[in-house]
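Okay, so here's the structure we're looking at.
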There are 2 protein chains.
Amino acid sequence: MPVELRPSQALKLWHDVTLDLVRDGETDLTARQMTILLTVYLEPPPHTVRGLATKLGVTKPAITRALDTMGERGLVDRRRDERDRRNVLIQRTVAGALWVEKLGDDIVLRAKHLPR
Amino acid sequence: MPVELRPSQALKLWHDVTLDLVRDGETDLTARQMTILLTVYLEPPPHTVRGLATKLGVTKPAITRALDTMGERGLVDRRRDERDRRNVLIQRTVAGALWVEKLGDDIVLRAKHLPR
DNA sequence: GCGTACTATTCCGCCTCCGAAACGAAAAGG
DNA sequence: CCTTTTCGTTTCGGAGGCGGAATAGTACGC
């Protein structure tokens, strides 16, 4: 029972949710930041800079910069890996979890009101 | 028969599609640009700078700049309104229609493969 | 130990975006 | 007419993202 969605519905859903993000004004995450945030909160840890860079197909400095920005906003946190102190483990935060949860609820709500 | 979607599915869908956009590398539209593009292609014309600014809750220069960028990429076009020459009407393009169509297909495909 | 490999970060110049204000063109209203 | 209003655009200084090279710190084979 996969999720059934017609192209017109899919596009309207994408439009509606993105509009909500724009009108919110608070966050304005880039596509990269959004992907990193959702990866950290959806996939099982540990998450490293290198792993994220490989997954997204971008350079490591790009990941570091994105983590800097999101870290200042309290959406993610960083900690040294004590087993291998070269690594940095990206950690979840309460604020980040709440933000992601809110996004999920918004998408569900927008999907519910799509024309059939 | 609305579209049924659980929060975890919604977030995974958002993650997967955004990841595709990041890995594509070509386009990297901002959230504002994405919203403008989808508005122009989903909602009936005419579309004006002022109308888009009001809808998105941003200033008019922000819309002008976004249209500049997307215009250079051939995703939208601009034309003077001959009835009221103060207005600028935002027009669709073939390239833009193809891009939007591709996005819709991608979302549908990603939704189809979500875990139940 | 010492060089090598690997981690993440910092630095550099470049480019795009931002909001606010000023601007020119065109319509509306006296 | 001519003033006012309404468009969209341009300009300004500032903030932040970008890619890529260079850097500092850590692990590991020899």
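Residue numbers begin at 1 in each chain, while the letters A, B, ... track the order of the sequences. All values below were derived from every heavy atom in this structure, side-chain atoms included, with hydrogens, water molecules and symmetry-related copies excluded.
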Exercise. In degrees, rounded to 10°, what is the bend between the two ends of the helix from C:dG1-D:dC30 to C:dG30-D:dC1, using five pairs at each?
Worked result: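 End axes: 0° apart.
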[X] [atom1] to [N] [atom2], straight-line distance once rounded to whole Å:
{"X": "B:M70", "N": "C:dT16", "atom1": "CE", "atom2": "P", "answer": "15 Å"}
{"X": "B:R85", "N": "C:dA25", "atom1": "CZ", "atom2": "C1'", "answer": "9 Å"}
{"X": "B:D84", "N": "D:dT5", "atom1": "CG", "atom2": "P", "answer": "17 Å"}
{"X": "A:H47", "N": "C:dT7", "atom1": "NE2", "atom2": "C1'", "answer": "18 Å"}
{"X": "A:L29", "N": "C:dC17", "atom1": "CG", "atom2": "C1'", "answer": "15 Å"}
{"X": "A:D81", "N": "C:dT7", "atom1": "CG", "atom2": "P", "answer": "12 Å"}
{"X": "B:R32", "N": "C:dC18", "atom1": "CZ", "atom2": "C1'", "answer": "7 Å"}

Exercise. Hydrophobic cluster mates of B:L98, side-chain heavy atoms under 4.5 angstrom, ILVMFWY only, any path?
Worked result: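 Other cluster members: B:V94.
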For this session: Show the numbers, then the answer: is there a side-chain contact (heavy atoms from CB on, under 4.5 Å) between B:L56 and A:R23?
Result: CA-CA 6 Å; B:L56 272 66; A:R23 300 192 71 155; 5.5 Å; no
Exercise. Can you find a side chain N or O atom of B:Q33 that sits less than 4.0 Å from OP1 or OP2 on C:dT16?
Worked result: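 Looking at the OP1 and OP2 atoms of C:dT16, neither is under 4.0 Å from any side-chain N or O of B:Q33.
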Exercise. When you measure from the side chain of B:Q9 to the backbone N and O of B:P115, does any donor-acceptor pair fall under 3.5 Å?
Worked result: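 Pair found, side chain donor or acceptor close to backbone of B:P115.
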For this session: Look at A:R86 together with A:D84 and state whether they make a salt bridge at an N to O cut-off of under 4.0 Å.
Result: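 So A:R86 pairs with A:D84 through a salt bridge.
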For this session: Would you mind checking if A:D24 and A:K102 are paired as a salt bridge, meaning a charged N to carboxylate O distance below 4.0 Å?
Result: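 No, no charged N to carboxylate O under 4.0 Å.
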Exercise. What residues form a side-chain contact (heavy atoms from CB on, under 4.5 Å) with A:D28, not counting sequence neighbours?
Worked result: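 Counting only residues at least two positions away or on another chain, A:D28 forms a side-chain contact (heavy atoms from CB on, under 4.5 Å) with A:R73.
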Exercise. Which parts of nucleotides 7-13 of chain D does protein reach within less than 4.0 Å, heavy atoms only, written one letter per nucleotide 5' to 3' as B for base, S for sugar-phosphate only and - for none?
Worked result: BBBB---
For this session: Check whether any side-chain heavy atom of A:V108 lies under 4.5 Å from a side-chain heavy atom of B:R6, and answer yes or no.
Result: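 Heavy-atom side-chain distance check fails, nothing below 4.5 Å.
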Problem set entry | Residue list, side chain to side chain donor-acceptor pair (under 3.5 Å) with B:R80, at least two apart or on another chain |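 Counting only residues at least two positions away or on another chain, B:R80 forms no side chain to side chain donor-acceptor pair (under 3.5 Å).
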Exercise. For A:A62, which contact category applies under a 4.0 Å heavy-atom criterion: base, sugar-phosphate, or nothing?
Worked result: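 Sugar-phosphate contact only.
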Anything under 3.5 Å between a donor and an acceptor, one on a side chain of residues 34-42 of chain A, the other on a protein residue two or more places apart or in another chain? List them.
{"residue": "A:T35", "atom": "OG1", "partner": "A:A31", "partner atom": "O", "Å": "2.8"}
{"residue": "A:T39", "atom": "OG1", "partner": "A:T35", "partner atom": "O", "Å": "2.7"}
{"residue": "A:T39", "atom": "OG1", "partner": "A:K55", "partner atom": "NZ", "Å": "3.0"}
{"residue": "A:T39", "atom": "OG1", "partner": "B:H15", "partner atom": "NE2", "Å": "2.9"}
{"residue": "A:Y41", "atom": "OH", "partner": "A:L75", "partner atom": "O", "Å": "2.7"}
{"residue": "A:Y41", "atom": "OH", "partner": "A:T93", "partner atom": "N", "Å": "2.7"}
{"residue": "A:Y41", "atom": "OH", "partner": "A:T93", "partner atom": "O", "Å": "3.2"}
{"residue": "A:Y41", "atom": "OH", "partner": "A:T93", "partner atom": "OG1", "Å": "3.4"}

For this session: Using the closest heavy atom to pick a nucleotide of DNA chain D for each, name whichever of A:R73 or A:E82 lands nearer the 5' end.
Result: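 Nearest-nucleotide comparison on DNA chain D picks A:R73.
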